[in-house]
There are 2 protein chains.
Amino acid sequence: MAKSFVTSIDVAERAGVSRSAVSRTFTAGASVSPDVRQRVLKAAQELGYRVNRLAQTLNTSSSNLVGVVGANLSSPFIAKQLDMLSLGLLRRGQQCLLLNAADARSDIAPLIELIFEFRARAIVVLSGEPPASIVDECLANGVKLIVINRLMTRPDTDVILSDDILGARLAAERLLAARCRKVAVVCSGSLTPTQVRRATTFSDVVREHGGAVVRWSEGPTAYETGVAAAHALLADEQIDGAFCVTDLMALGFLDAARHDLQRSVPDDLSVIGFDDIPQSAWKAYDLTTVGQSFSVLTDAVLAALDHDDGEVSTQMVPVTLIERGTVHK
Amino acid sequence: MAKSFVTSIDVAERAGVSRSAVSRTFTAGASVSPDVRQRVLKAAQELGYRVNRLAQTLNTSSSNLVGVVGANLSSPFIAKQLDMLSLGLLRRGQQCLLLNAADARSDIAPLIELIFEFRARAIVVLSGEPPASIVDECLANGVKLIVINRLMTRPDTDVILSDDILGARLAAERLLAARCRKVAVVCSGSLTPTQVRRATTFSDVVREHGGAVVRWSEGPTAYETGVAAAHALLADEQIDGAFCVTDLMALGFLDAARHDLQRSVPDDLSVIGFDDIPQSAWKAYDLTTVGQSFSVLTDAVLAALDHDDGEVSTQMVPVTLIERGTVHK
DNA sequence: GTGAAAGCGCTAACAG
DNA sequence: CTGTTAGCGCTTTCAC
């Protein structure tokens with residue numbers, strides 16, 4: 001029982017060729033005679049040889065490792081993104097080094113530095129915003145940096161944004177069309193740029209049309225926060241509509257409104273969410289929401305990964321209003 | 001703008017010391033004078049030096065990379081496991097190489113081989129079962145293999161199992177106590193060992209006590225499968241209880257029963273799930289279920305990771321019946 | 001097409 | 001405590 005892996009030199013000996021020949025056999029588009037190739041492959045097979053990516057990366061200095069950092073990996077929205085992203089990366093022959101940022105407010109800089117140490121070729125930030133120093137470091141070392149849903153204030157980073165402005169506008173217009181007069185807008189306490197954009201746009205539109213707006217922003221971005229918001233806000237019986245900037249919070253809001261506060265949705269109260277997570281389509285909720293396509297989002301990330309040199313892009317992920325059953329007709 | 005990373009030799013030059021000194025500075029428990037240490041640290045800081053883990057691993061031949069393979073990363077149960085596991089690994093200074101297995105039936109062998117190439121020290125399999133050849137390879141190369149919820153037929157692998165037998169028994173007894181006479185047991189089409197164990201144990205216990213059992217096993221392990229099962233099974237009005245071997249399916253079953261088929265739960269029909277995913281506690285469901293503690297499960301994995309040499313263990317994750325509102329009193 | 005040799009960035013023995 | 005010297009396993013010129 002060997003404790004260490006088989007090396008190319010073992011294979012070379014067994015096949016009666018040089019190490020170079022082995023290397024060439026496992027390098028796409030190298031020139032090896034079919035004969036040698038077969039012998040090497042056979043020996044490798046018998047010995048259980050696996051190329052050592054570490055050594056390989058060391059002198060080609062181009063790993064196919066992509067660092068992914070995110071928080072709340074088990075929240076439906078992030079989990080879905082991670083699922084699709086990791087699958088996409090795998091399909092493209094890239095590996096995913098996953099760093100869990102514990103919670104949304106934790107500093108992601110140390111995690112990104114860890115990624116540097118593995119010489120990843122790119123970094124995808126699903127949640128949180130990398131500090132300027134990190135961005136500089138990526139730039140200096142030729143590491144692609146892709147940030148999702150954070151409006152970076154610098155033009156040298158790839159940014160993927162959901163169309164929050166349009167989404168919030170659609171939500172506002174839909175609630176106005178349902179004749180809501182006093183609406184709640186629910187954010188979490190971690191006022192991310194995305195949440196702020198959604199909330200303020202929504203509020204502006206509603207006010208423009210003469211509606212009243214009450215705002216909540218406390219707690220984590222979670223189901224429970226929606227519950228808490230409903231309890232606090234719906235004491236005011238005049239509120240007849242709510243826009244939760246996240247589906248997860250919308251589901252909590254909805255549940256509390258219906259089950260704790262005996263509000264009838266959508267007759268009595270209309271609710272709209274944002275994101276279109278899988279649970280929103282479940283029959284118990286049937287939540288009307290602003291949807292962003294996960295596959296478009298993932299494709300945007302993968303596309304940004306491709307822009308191998310220099311060029312930086314800002315991509316907007318389109319949104320649509322998904323009419324379901326939580327808004328009065 | 002440098003395209004490549006700063007190396008230890010750059011730092012050494014700037015600090016006016018040898019490469020070894022630099023290496024020692026970044027190695028825990030090495031002997032460097034405070035003076036040299038400071039100079040190195042300063043130079044490293046100014047240059048933006050990061051140890052190259054690849055090179056480091058190459059000659060210490062002990063990476064702190066742990067490969068994680070799983071399918072359905074966005075399903076609540078797996079997502080939660082992955083969340084906690086990646087966090088735990090990070091806390092212990094280990095990195096997580098994530099491989100997404102596309103779907104539950106896909107062959108995970110190629111993914112594990114990929115992990116080998118990165119010389120990970122351990123592999124955690126969240127879903128799917130590695131073929132024997134892979135197990136041998138792990139053994140031969142000193143790679144720790146940890147498998148969750150698959151009863152491996154070989155004694156040389158670390159296995160973490162939820163206590164399916166007890167869980168199924170608890171579910172059966174609870175349903176019998178609720179005076180159910182004819183019960184449905186819902187599995188997915190991917191009859192994993194875990195699902196089979198839960199279903200057969202449950203059926204046995206119910207039958208022992210004179211109850212009738214109808215079984216469903218089709219489709220993926222998903223919400224929609226629960227919906228489909230309810231539609232198919234509840235045509236039989238005599239069915240007054242259901243055990244879904246997975247919470248996710250239980251939620252679909254529950255929704256379809258209530259919203260499509262106008263069954264009143266728990267008056268008319270009692271439902272029990274298994275896993276205790278976060279959504280089961282949501283007010284719209286309030287699902288009675290057999291819970292396994294995610295933190296116990298994660299701790300078991302991390303503990304198994306620690307057993308660095310040789311010893312292999314089978315750990316059983318305890319389960320408890322979580323009484324909520326979907327079973328008749 | 002093939003082998004010899006140099007080197008990727010680092011650590012670990014070994015002298016001093 | 002420090003620098004010098006070998007490698008870790010691989011790829012890649014460069015001659016042949």
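Keep in mind it's a predicted model, so treat the numbers as computed, not measured. Below, read A as the first sequence line, B as the second, and so on, with proteins coming before strands; counting in each chain starts at 1.
Residue B/L58 contributes atom CG, which lies 10 Å from atom C1' of D/dG7 at whole-angstrom precision. With rounding to whole Å, A/E117 atom CD is found 13 Å from C/dC10 atom C1'. We find that CZ of A/F26 is positioned 15 Å from P of D/dT12, with the value rounded to whole Å. B/L54 places its CG atom 13 Å from the P atom of D/dC10, with the value rounded to the nearest Å. Here C/dC8 presents its C1' atom at 5 Å from CG of A/N59, a figure rounded to the nearest Å. For the pair B/R119 CZ and D/dG9 C1', the interatomic distance rounds to 8 Å; values are reported in whole Å. When rounded to the nearest whole Å, the span between CZ of B/R39 and P of D/dC1 equals 15 Å. Here C/dC8 presents its P atom at 11 Å from CG of B/D10, a figure rounded to the nearest Å.
B/N52 contributes no side-chain N or O that forms a donor-acceptor pair with the base of C/dC10 under 3.5 Å.
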List the atom pairs, with distances to 0.1 Å, where a side-chain N or O of residues 74-89 of chain B and a protein N or O form a donor-acceptor pair under 3.5 Å, not counting sequence neighbours.
| residue | atom | partner | partner atom | Å |
| --- | --- | --- | --- | --- |
| B/S74 | OG | A/D83 | OD2 | 2.8 |
| B/S75 | OG | B/N72 | O | 3.2 |
| B/D83 | OD1 | A/N100 | ND2 | 2.6 |
| B/D83 | OD2 | A/S74 | N | 3.4 |
| B/D83 | OD2 | A/S74 | OG | 2.8 |
| B/S86 | OG | A/N100 | ND2 | 3.0 |
| B/S86 | OG | B/L82 | O | 2.9 |
| B/S86 | OG | B/D83 | O | 3.0 |

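Under the side chain to side chain contact (heavy atoms under 4.5 Å, CB included) test applied with B/R154, the options B/V159, B/D136, B/V312 reduce to a single match, B/D136.
Using a 4.0 Å heavy-atom cutoff across all strands shown, A/S23 reaches at least one base atom of the nucleic acid. Using a 4.0 Å heavy-atom criterion, one finds that B/Y49 contacts the sugar-phosphate atoms exclusively.
If one axis is set at each end of the helix from C/dG1-D/dC16 to C/dG16-D/dC1 from five pairs, those axes are 30° apart, to 10°.
Inspection of the A/T7 and A/N52 side chains reveals no N or O donor paired with an N or O acceptor under 3.5 Å. Looking only at atom types and distance, the side chain of A/T192 has no donor-acceptor partner in the side chain of A/S190 under 3.5 Å away.
Minimum interatomic distance between A/P110 and A/D107 (heavy atoms only, all atoms of both residues): CD-O, 3.4 Å. Contact record, B/A55 with A/L58: CB-CD1, 3.7 Å, taken as the closest heavy-atom pair. The two residues B/L126 and B/G70 make their nearest non-hydrogen contact at CB-CA, 4.1 Å.
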Scan nucleotides 1-4 of chain C against the protein and return all N/O pairs shorter than 3.5 Å with their distances rounded to 0.1 Å.
| residue | atom | partner | partner atom | Å |
| --- | --- | --- | --- | --- |
| C/dT2 | OP1 | A/S33 | OG | 2.6 |
| C/dT2 | OP2 | A/S33 | N | 2.7 |
| C/dT2 | OP2 | A/S33 | OG | 3.2 |
| C/dG3 | OP2 | A/S18 | N | 3.3 |
| C/dG3 | OP2 | A/S18 | OG | 3.0 |
| C/dG3 | N7 | A/R24 | NH1 | 3.4 |
| C/dG3 | O6 | A/R24 | NH2 | 2.5 |
| C/dA4 | N6 | A/S20 | OG | 3.0 |

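In this structure, B/S106 contributes its side chain and B/A101 its backbone to a donor-acceptor pair below 3.5 Å.
Residue B/L90 holds its CG atom at 9.0 Å from SG of B/C96, rounded to the nearest 0.5 Å.
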